[in-house]
Amino acid sequence: MKLNLLSCDAQRPDKRAIANCIAEISSNMNGLLSNELTDILLEGDSVDIEIEDKNSGSALRALRKLSIDYEIIE
């Protein structure tokens with residue numbers, strides 16, 4: 001499943017928690033890339049990631065918990 005991470009609406013976004021979440025839920029992503037994508041997201045640009053379908057429910061919950069808005073692409 002592909003997701004487009006649109007923005008983070010948290011008043012004080014936890015950069016480390018967001019990067020860890022992206023690294024955990026994304027397929028084939030390392031910590032360095034997740035840190036770069038987190039920076040891009042927090043600057044206001046959208047980010048595309050791919051997650052495994054079997055983990056989609058927990059991944060979407062984790063994103064909502066971090067106040068990250070997303071849209072499902074596929």
Contact check, side chains of [X] and [Y], non-hydrogen atoms, under 4.5 Å:
{"X": "Asp45", "Y": "Leu41", "answer": "no"}
{"X": "Ile22", "Y": "Thr38", "answer": "yes"}
{"X": "Leu3", "Y": "Leu60", "answer": "yes"}
{"X": "Ile68", "Y": "Ser7", "answer": "no"}
{"X": "Ser46", "Y": "Leu5", "answer": "no"}

CA sep, side-chain torsions, deciding dist, call: Met29, Ile49, side chain to side chain contact (heavy atoms under 4.5 Å, CB included): CA-CA 9 Å; Met29 187 171 303; Ile49 63 171; 4.1 Å; yes

Asn28 CG: over 12 foreign heavy atoms closer than 6.0 Å: no

Asp53 side chain to Met1 backbone, donor-acceptor under 3.5 Å: yes

Step-by-step side chain to side chain contact (heavy atoms under 4.5 Å, CB included) determination, Ile18 to Cys8: CA-CA 9 Å; Ile18 294 170; Cys8 180; 3.9 Å; yes

Nearest 0.5 angstrom please: [X] [atom1] to [Y] [atom2], how far?
{"X": "Asn4", "Y": "Asp69", "atom1": "CG", "atom2": "CG", "value": "11.0 Å"}
{"X": "Cys21", "Y": "Arg16", "atom1": "SG", "atom2": "CZ", "value": "13.5 Å"}
{"X": "Glu36", "Y": "Asn30", "atom1": "CD", "atom2": "CG", "value": "8.5 Å"}

Electrostatic pair Asp39:Lys15 at N-O distance under 4.0 angstrom: yes

Shortest non-hydrogen contact between Ser56 and Ile51, atoms and distance: CA-CD1, 3.8 Å

